[in-house]
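Structure, as structure tokens:
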Protein chains: 2
Amino acid sequence: MTQITKKVTLKDIAQQIGCSKAVVSTVLNRSKGNTGVSKGMREKIEQVALEMGYRPNFSSQSLARQRTMTLGAYIPPQPWGSIGSTYETVIFRGIEKACQELDYDLLVFNRFGDLRHEHCMEKLYQRRVDGLFLVHAHGGCDWLDGFLKTGVPIVGVDYSNPEPQVDALTFDNTGAIKGAVEHLVSLGHQRIAYLGQVGHRMVLDQQLRRDAYIAALKQMNLPMNDDWLLCEIDGPIPKGVDHYDETSRRTLNYLRSVPADQRPTAIITFNDRTALNLIQDLMQNGYEVPADMNVISVDDSYLCRVLRPRITSMSHPLEAMGYRATYMLQNRIENGVPEDNQGIHELYPSEVVIRQTTSTPRK
Amino acid sequence: MTQITKKVTLKDIAQQIGCSKAVVSTVLNRSKGNTGVSKGMREKIEQVALEMGYRPNFSSQSLARQRTMTLGAYIPPQPWGSIGSTYETVIFRGIEKACQELDYDLLVFNRFGDLRHEHCMEKLYQRRVDGLFLVHAHGGCDWLDGFLKTGVPIVGVDYSNPEPQVDALTFDNTGAIKGAVEHLVSLGHQRIAYLGQVGHRMVLDQQLRRDAYIAALKQMNLPMNDDWLLCEIDGPIPKGVDHYDETSRRTLNYLRSVPADQRPTAIITFNDRTALNLIQDLMQNGYEVPADMNVISVDDSYLCRVLRPRITSMSHPLEAMGYRATYMLQNRIENGVPEDNQGIHELYPSEVVIRQTTSTPRK
DNA sequence: CACATATGGGCCGAGGAGGGT
DNA sequence: GACCCTCCTCGGCCCATATGT
């Protein structure tokens with residue numbers, strides 16, 4: 001490890017050798033693109049640079065090159081309190097991996113949802129980030145214009161209903177729910193319920209998954225029942241009451257109120273956390289899972305692997321999306337806006353990960 | 001929102017007004033520290049800057065001020081696969097909050113443990129970060145010297161056994177375990193076991209907690225038994241076998257092999273994840289928690305709130321530590337090394353968070 | 001000669017065009 | 001033509017000087 005004490009600059013190297021700093025610069029940053037520097041000089045410079053422990057000054061490089069090699073990420077505030085931001089963390093794993101490969105640094109804003117987007121825009125703009133991720137947002141937000149106006153390349157990761165001009169990677173919510181229904185049907189289930197978010201303020205993902213449930217039942221000619229949109233009929237949940245506790249309670253009430261041969265044999269839940277609570281409450285109330293009730297969730301986070309029984313879930317390729325998004329962003333940065341001004345939209349499919357909460361329905 | 005198209009510089013503003021860029025600079029970055037600029041000029045400049053949507057160029061500022069207003073964070077690779085890095089995420093919540101207050105940006109390296117420290121040092125040095133967090137590390141690591149040599153101010157967050165010269169915030173592992181024992185004793189427990197990491201490659205935290213368990217029993221004159229360092233007697237866990245599954249299996253075997261009146265009535269687990277698995281396996285094998293067996297863990301992550309029964313746990317003030325660490329780092333940056341070259345060491349205590357897995361022992 | 005106010009220009013550290021030998 | 005150098009640029013900071021009253 002080279003001893004690092006005083007900052008070494010190009011000039012220092014040049015003086016040490018007795019040449020101009022231009023040559024040094026030439027050698028040091030395109031050692032491949034041979035721009036007429038003699039072999040002797042080139043080797044001398046490289047050696048001295050190493051000895052002196054030279055590291056180019058990043059601010060200076062950014063200034064001269066008009067590139068910061070930094071990408072920004074903005075996460076719009078989520079209505080639900082982030083569960084330690086587990087969900088976003090997976091996306092960032094993919095982003096950071098690609099950033100390392102491409103030698104970008106990453107600046108994350110609003111990871112914990114307490115900043116207004118105007119403030120983030122200010123910072124992004126000030127920092128002159130080369131590109132921007134919009135993480136887990138969706139089309140139609142009023143603040144998007146502000147970001148677009150900056151002229152900074154943008155890509156949406158896990159971005160539903162994208163505007164035509166922005167690049168976006170979208171999770172196939174509809175396909176995921178359909179896949180869940182198909183999995184259950186293949187096991188022999190017919191009466192399938194759905195447990196989502198109850199009441200007002202439904203986020204787009206929630207809406208999409210709920211609608212997809214209805215559509216899938218219709219498409220596959222399965223029996224439908226208003227009550228199977230569990231809890232919805234009971235209306236919004238009062239303030240101060242825990243959403244998970246209350247939906248579990250209502251669900252259990254409903255199940256008790258219906259004779260076994262009319263009861264749903266499986267429940268699709270909006271996400272893992274919902275499944276986790278539902279399963280635990282079912283079991284505490286004498287229902288065996290999956291013997292008495294099947295459960296399948298969407299997202300396949302690590303929660304599914306931690307609970308006994310382990311939860312069957314529809315995968316969400318968040319890490320792959322983050323990874324891919326980074327390369328798309330790089331492409332935008334290097335090649336600018338395409339002539340037709342059309343963004344690239346990619347749809348990411350979901351696959352069923354079979355664990356222990358689904359099986360054939362009780363006869 | 002101001003339309004942002006072309007980058008506005010100080011010169012642009014100066015030209016627009018017909019003054020020198022020096023005045024503009026003076027006004028724009030210490031509008032309070034009145035350095036002889038006429039009120040008229042000052043107002044004019046501020047107004048025009050606003051109209052033109054001026055944002056100082058960050059790279060340029062950094063270059064001139066020799067300050068990047070960026071802090072780096074390094075997380076040494078952990079031997080266990082990070083559970084979505086939940087643990088570190090909590091620390092970063094505190095760090096990021098303070099960074100916002102102090103107007104620092106944060107660059108995180110190695111969040112997912114795939115970078116070598118040499119590489120991170122390179123990047124940190126290149127980026128000229130103003131200061132550096134060492135997250136969840138501990139004293140005595142061979143790579144520390146490399147970081148110290150850079151001369152960048154350093155603070156350890158959740159840093160055990162700190163070297164005297166570095167600033168460090170340390171979690172009171174010993175006190176946490178002692179607190180757990182005291183809680184159990186206050187409920188009437190006497191035979192208390194400990195479930196930690198089994199076998200070689202024990203991380204410092206694990207070692208500290210294990211030793212603290214032994215010390216606490218001794219100190220409080222509680223009965224001791226080699227078997228109560230659960231699983232240790234059975235030796236290392238073979239490769240390819242899941243650590244949690246295997247420790248649960250061994251623990252259950254042990255419990256079955258001992259008559260009820262000699263059996264421990266409570267188990268302290270190394271962390272939440274261990275508690276989670278243990279509890280689920282106990283319950284699946286006919287033990288009621290806490291009726292037949294009490295469990296208390298350390299860390300109090302959100303897992304404790306998610307499982308039924310909810311887990312009693314010793315809190316770990318990770319967020320507060322991250323927050324405080326940032327201010328300590330800022331202090332180092334602004335005031336340099338103290339004359340005695342002694343770091344500040346702060347010890348953070350743990351408190352018991354009582355939930356549903358502890359109660360009085362079965363009579 | 002003070003004093004308030006504005007300006008010129010060098011500096012930070014690198015990139016790179018164009019000219020000279 | 002091979003090789004190296006001079007000089008200006010990026011954008012903001014700030015000290016040392018004007019200029020005016």
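Here is the naming used below: chain letters follow the sequence lines, and residue numbers restart at 1 for every chain. Computed from a predicted structure; not experimentally measured.
DNA chain C is contacted by both G18(B) and N57(A); G18(B) maps to the nucleotide lying nearer its 5′ end (nearest heavy atom per residue). Residue order along DNA chain D, read from the 5' end via each residue's closest nucleotide, puts V23(A) first among A22(B) and V23(A). Comparing R128(A) and K39(A), the nucleotide of DNA chain D nearest to each residue sits closer to the 5' end for K39(A).
If you measure from atom CD of Q15(A) to atom P of dC4(D), you get 18 Å, rounded to the nearest angstrom. As rounded to whole Å, 12 Å separates atom P of dG15(C) from atom CG of L63(B). Distance CG (L28(A)) to C1' (dA14(C)): 11 Å, rounded to an integer number of Å. Atom NZ of K11(A) is separated from atom P of dA14(C) by 10 Å (rounded to the nearest Å). As a whole-Å value, the separation of M69(A) CE from dG15(C) C1' is 16 Å.
Close to dT9(D), at under 4.0 Å from its OP1 or OP2, lies no side-chain N or O of Q66(A). Under 4.0 angstrom from either OP1 or OP2 of dC12(C) there lies no side-chain N or O belonging to S60(A). The phosphate of dT7(C) has OP1 or OP2 within less than 4.0 Å of a side-chain N or O from S20(B). Using a 4.0 Å cut-off, no side-chain N or O of N29(B) falls inside it from OP1 or OP2 of dG12(D). Within the structure, every side-chain polar atom (N or O) of Y54(A) is placed at least 4.0 Å from both OP1 and OP2 of dG13(C). In this model, the phosphate group of dG15(C) is approached by a side-chain N or O of Q61(A) to a distance below 4.0 Å at OP1 or OP2.
Residue F58(B) is out of contact with every strand shown, counting any heavy-atom pair closer than 4.0 Å. Contacts of L10(A) with the nucleic acid, taken as non-hydrogen atoms under 4.0 Å apart, involve only primed sugar atoms and P, OP1 or OP2. S38(B) comes within 4.0 angstrom of sugar-phosphate atoms only, judged by non-hydrogen atoms across all strands, and of no base.
Contact of the Y104(B) side chain with the L329(B) side chain is not registered, since no non-hydrogen atoms from C-beta on lie closer than 4.5 Å. Within the 4.5 Å cutoff, side-chain heavy atoms of L144(B) are placed close to those of L134(B).
Aromatic ring pairs are classed by plane angle as parallel below 30°, tilted from 30° to 60° and perpendicular above 60°; the pair H117(A) and F147(A) is tilted.
When the nucleotides dA14(C), dC5(D), dC12(C) are ranked by their closest atom to the side chain of A64(A), dA14(C) comes out on top.
You'll find a donor-acceptor pair under 3.5 Å spanning the side chain of K21(A) and the base of dA14(C), going by distance alone.
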